[in-house]
Structure formats: C-alpha cells, structure tokens
Visitor: 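I'd like to ask some things about the structure below.
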Amino acid sequence: MNVPDSMTEQENVQVADRERYSRQMLFAPIGETGQAKLLQARVAIVGMGALGTVLANHMVRAGIGFVRLIDRDFVERSNLQRQMLYDEADAASSAPKAEAAAARLGAANSGVVIEPVVADLNFANAEQWLADVQLILDGTDNFAVRFLINDVSVKHGIPWIYGGAVSSRGVSHTVIPGETPCLRCMFDQPPARGTTETCDTAGVIGSIIHTVASHQAAEALKLLVGAHQQLSRKMVHWDLWYNQYAAIDVSKARKADCPCCAKRQFEYLDASLEEDTIQTLCGRNSVQIQPVAPAALSLEEWAERLQPLGPVEKNPFLLKLHLDESLTLVLFPDGRMIVQGTEDPTLAKSLYSRYIGM
C-alpha cells in the first residue's frame, strides 16, 4: 500500500473524525501521519474468543480502516467471563461470535469497515481470508491454526502476531517474514495432542487475556504506523498469578533449515495434512476426528482432567465425557475422538479443540 502525502493524510484524518482520534494523535509516535496510516490499514483477526475480542476492540477503536473477524464458533454463557464483546442475549441466542462482535464494534465506530466471517479457517480458505491484509492477529486457541497462519504469513510476506493464554499464563511474539524467526523456527511441530492445557480444562483469568492481547495490539500499531525500530524482538511470557515475567531474545533463532521460512514448504496449506481426519459417521449422528499424528494419552489422567466438566465413564479402551443430554465426547488413547450427538464437522472440531487441544 502506498504511503499518502502529508496533505492527503491530514484530509483523511479530518474526514474520519479528528476528535475521535485526538488523544491517539497526541501520542507523538503515532501523530497525525500515523493515524492516517491506521485509517488505511487492513487487519485480519483469527479467532473471536477471549484474545480476539480484546484485539478487535483495540483495532476498531484505534481506527484501523478494515478489520476482518474470523471465527467458526457461537457464543455460550461460559464465554462471558472473559470474551468482552458478548452479552447474555448473545449467549441465549447462540449468536455466531464473528457476527455478534461485528455488531457490537460497529456501534462503537461506524467509520471502520468490519467484515465478519463465520467459517472454520483451514487449508482450503486460509489464503482467501488472510492474503489480502497487511497484518494477521492471532486470537486462536490451538497450534494447528497458528501453523496455518504462519504458512500464509511467510508465503505472502504478511506479518502476524502470535498470542496465547491459559490459566494465568500468557505469551506473545511478533513474526515479520524475512526478519524474525517464524513460528516453525521455534516450534518445528505443534505440541502433541493432549499435552497442552486449554481454557476449558485448566481455566483462565480475564486479566491474562487483556495483558497478552494488549501487548499484541501495541505491536500491531507499531507495525501499521511503520515504527519497526520499536518492535519487540523477544518472545514475552507472563504468569500474572505467580508474578513471573520473562522476555526471551529470539532474534537469532531463525533456522537455516526451517521447512517454512527457509525451504518455503508450506505444509499446513497442503490439503493432505487434513485429508480424511474428520469424518461424519453415517447413520450414527456422530463425527469422528482422527489426528494425523497419533497421540499417547493416559485415559486415567484425562478422566481426572475432564471430571469437572460433566459425568465421565472410562474403561481400558476409551473415555466418555457427557457434556449434556445430547452431546458425548468419546476419547481414545491414540487421540481419536468421536463426538456423539452431532453430524456437524465444524462443531465437532470446535469441541475437540476446546477440550483436547488441536
């Protein structure tokens, strides 16, 4: 995107309501020139859960000209503790998160173009939804989608900002293709299924969400106004409950043999990685999810972890979690799951991600 001349920048800010952004423009590193750049910027946010809602709120109120909100899920009552854009009416109506967030944010700033996308981001549509923006913000809760974002980022030269939070812990890292290590430089493969905590099993406090997302949002503003010298070159970790903070310098962590940014092998954009992993079981009102890479789960440990979420049955071969009268999750030691009570692959994938991690 071309940088406009100063006269056009001033006119753009005037048209966009100078009073609205007056305090942000008084911040010297942004100023009028930076605000004009923000008004022309295009950002995609993947995931409109806890992190995503805070990120979207920051981006829209800061005057990012175009914000795309991507999420496959709907609002539930358990979301309201930390997902700041939703209310009880959204939960009662099972409103799609992307649509509910867009409506709320549109009322806050009608001058921003907000595009809600109710879809499961996957290899087939990732480039469609991510390749036409300047910046991708990570509001997801699983590594499979983050590695997909990383592939699009490197392939198209689009920066993205990784963020994650669970329990009282959080992490953030800014990825700039060609300058910083990409996600696969630091994590060659996603963590094995079932080895990471999720908010639905370990819980989460709202304050860590705001800490991580606010750091991501600040990095986003730096990128969009061109303040690259101020960008963090560190992976930042927090544990707010136990008063821990660490900033790890990863500027030298780029790998000469990284399959993504060095060899440009975009494996997560390859359909074969997800082929035949999600299957509707004909006549059984069930969906089976089969991990590409088998896990080795302890059913005893998982029974203890899932017990607070509903009645659990276990035998040496499988574990059943009864979420409610209609939905049952059947988990096998190799990570395979059958979601009973639905034929919707997107819902099944969402439940797997929430309770097991993807």
Side-chain angles (χ1 to χ4, degrees), residues 1-48 50-71 80 82-87 89-90 95 97-117 132-137 139 159-161 163 172 174 206-207 209-232:
M1 181 175 294
N2 293 328
V3 177
D5 60 36
S6 59
M7 180 60 71
T8 304
E9 290 169 351
Q10 293 174 5
E11 290 172 352
N12 284 343
V13 175
Q14 290 168 359
V15 170
D17 185 355
R18 295 177 61 83
E19 183 179 1
R20 176 188 292 273
Y21 305 115
S22 61
R23 302 306 187 271
Q24 188 161 276
M25 289 191 294
L26 284 171
F27 179 61
I30 293 179
E32 197 162 295
T33 298
Q35 187 63 51
K37 292 178 181 177
L38 297 180
L39 292 168
Q40 298 179 41
R42 294 175 59 87
V43 170
I45 302 173
V46 183
M48 287 307 299
L51 289 173
T53 52
V54 179
L55 286 167
N57 191 54
H58 280 305
M59 294 298 99
V60 169
R61 291 180 184 274
I64 305 305
F66 175 90
V67 181
R68 179 177 290 139
L69 312 176
I70 306 169
D71 196 283
L80 303 181
R82 65 199 180 280
Q83 300 183 16
M84 64 180 300
L85 294 178
Y86 311 127
D87 59 24
D90 295 324
K97 290 183 178 180
E99 294 285 354
R104 193 64 40 78
L105 292 168
N109 191 345
S110 60
V112 169
V113 177
I114 304 170
E115 181 183 19
V117 177
D132 65 343
V133 298
Q134 292 170 261
L135 175 65
I136 304 166
L137 296 176
W160 73 284
I161 304 176
S172 179
T174 301
S207 49
I209 299 298
H210 284 260
T211 298
V212 173
S214 293
H215 183 272
Q216 290 177 277
E219 290 287 285
L221 293 180
K222 296 175 194 177
L223 274 163
L224 295 173
V225 303
H228 282 224
Q229 70 280 7
Q230 301 302 330
L231 287 167
S232 172

Visitor: Find the distance between CG (Leu80) and CG (Leu85) and round it off to the nearest 0.5 Å.
Guide: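 Answer rounded to 0.5 Å: 11.5 Å.
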Visitor: Check whether Arg61 reaches the backbone of Ala108 with its side chain - one donor and one acceptor, N or O, closer than 3.5 Å.
Guide: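 Not confirmed, Arg61 side chain does not pair with Ala108 backbone.
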Visitor: Measuring from Leu105:CG to Leu69:CG, what's the distance to the nearest 0.5 Å?
Guide: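 It comes to 6.5 Å.
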Visitor: Looking only at atom types and distance, does a side-chain atom of Gln134 sit under 3.5 Å from a main-chain N or O of Leu224, one as donor and one as acceptor?
Guide: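 Absent.
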Visitor: About how many Å separate CD1 of Ile70 and NZ of Lys97, when rounded to the nearest 0.5 Å?
Guide: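 Separation between the atoms: 14.5 Å.
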Visitor: Rounded to the nearest 0.5 Å, how far does CZ of Arg20 lie from CE of Met25?
Guide: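 That separation rounds to 11.5 Å.
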Visitor: Does CD belonging to Gln229 count more than 12 external heavy atoms closer than 6.0 Å?
Guide: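 More than 12 within 6.0 Å, yes.
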Visitor: Show your reasoning for whether side-chain contact (heavy atoms from CB on, under 4.5 Å) applies to Thr53 and Met48.
Guide: CA-CA 5 Å; Thr53 52; Met48 287 307 299; 4.1 Å; yes
Visitor: Go through it in stages, so that I can follow the logic: the residues are Arg68 and Ile45, the test is side-chain contact (heavy atoms from CB on, under 4.5 Å), and I'd like the CA-CA distance, side-chain angles, deciding distance and then a yes or no.
Guide: CA-CA 6 Å; Arg68 179 177 290 139; Ile45 302 173; over 6 Å; no
Visitor: Evaluate the side-chain proximity of Leu38 to Leu221: yes if any heavy-atom separation is below 4.5 Å, no if none is.
Guide: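 The answer is yes, as the side chains (C-beta and beyond) meet within the 4.5 Å cut-off.
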Visitor: Walk me through whether Tyr21 and Leu39 qualify under side-chain contact (heavy atoms from CB on, under 4.5 Å).
Guide: CA-CA 10 Å; Tyr21 305 115; Leu39 292 168; 3.9 Å; yes
Visitor: Which heavy-atom pair separates His215 from Ser172 by the least distance, and what is that distance?
Guide: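 His215 and Ser172 have their closest heavy atoms at ND1-OG, 3.2 Å.
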Visitor: Please determine which of Val60, Asp17, Asn57 meets the side-chain contact (heavy atoms from CB on, under 4.5 Å) test together with Asn109.
Guide: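 Exactly one candidate clears the test, Val60.
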Visitor: If you take all heavy atoms of Ile114 and Ala102, which pair is closest and at what distance?
Guide: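 For Ile114 and Ala102, the tightest heavy-atom pair comes out as CG2-CB, 3.8 Å.
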Visitor: Minimum heavy-atom separation for Leu135 to Ala220, with atom names?
Guide: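 In terms of heavy atoms, the two residues are closest at CD2-CB, 3.5 Å.
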Visitor: Determine, step by step, whether Thr174 and Leu223 satisfy the side-chain contact (heavy atoms from CB on, under 4.5 Å) criterion, reporting the C-alpha distance in whole Å, the side-chain angles of both residues, the deciding distance to 0.1 Å, and the verdict.
Guide: CA-CA 10 Å; Thr174 301; Leu223 274 163; 4.1 Å; yes
Visitor: Holding to side chain to side chain donor-acceptor pair (under 3.5 Å), I want the full list of residues that pass it with Gln230, two or more places apart in sequence or in another chain.
Guide: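 With sequence neighbours excluded, Gln230 shows a side chain to side chain donor-acceptor pair (under 3.5 Å) to no residue whatsoever.
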Visitor: With no hydrogens and no angle check, is any side-chain donor or acceptor of Gln24 less than 3.5 Å from a backbone partner on Ala62?
Guide: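 Looks like yes, one N/O pair under 3.5 Å.
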Visitor: Pro116 and Ala98: which non-hydrogen atoms are nearest, and at how many Å?
Guide: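 Heavy-atom minimum between the residues: CB-O, 3.4 Å.
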Visitor: Mind checking whether Val43 and Val133 have side chains closer than 4.5 Å, heavy atoms only?
Guide: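 In short, these two side chains do not touch, never coming nearer than 4.5 Å.
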Visitor: May I ask you to test the Val67-Glu115 pair for a side-chain heavy-atom distance under 4.5 Å?
Guide: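 Side chain of Val67 against side chain of Glu115, heavy atoms only: no contact under 4.5 Å found.
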Visitor: Mind listing the closest non-hydrogen atom pair of His58 and Ser214 along with its distance?
Guide: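 So the two residues come closest at NE2-OG, 3.3 Å.
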Visitor: Using modelled atom types and a 3.5 Å cut-off, is there a donor and acceptor pairing between side-chain atoms of Tyr86 and backbone atoms of Ala100?
Guide: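 Not at all, since once roles are kept as given, no pair shorter than 3.5 Å links the two residues.
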Visitor: Please round to the nearest 0.5 Å and tell me the distance separating atom CD of Glu99 and atom CG of Asp90.
Guide: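 These two atoms lie 11.5 Å from each other.
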Visitor: Can you tell me how far CG of Leu55 sits from NE2 of His210, rounded to the nearest 0.5 angstrom?
Guide: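 Between atom NE2 of His210 and atom CG of Leu55 there are 10.5 Å.
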Visitor: Indicate the atoms forming the closest heavy-atom contact of Arg82 with Ala50, along with that distance.
Guide: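 Scanning both residues, the minimum pair turns out to be CG-CB, 3.8 Å.
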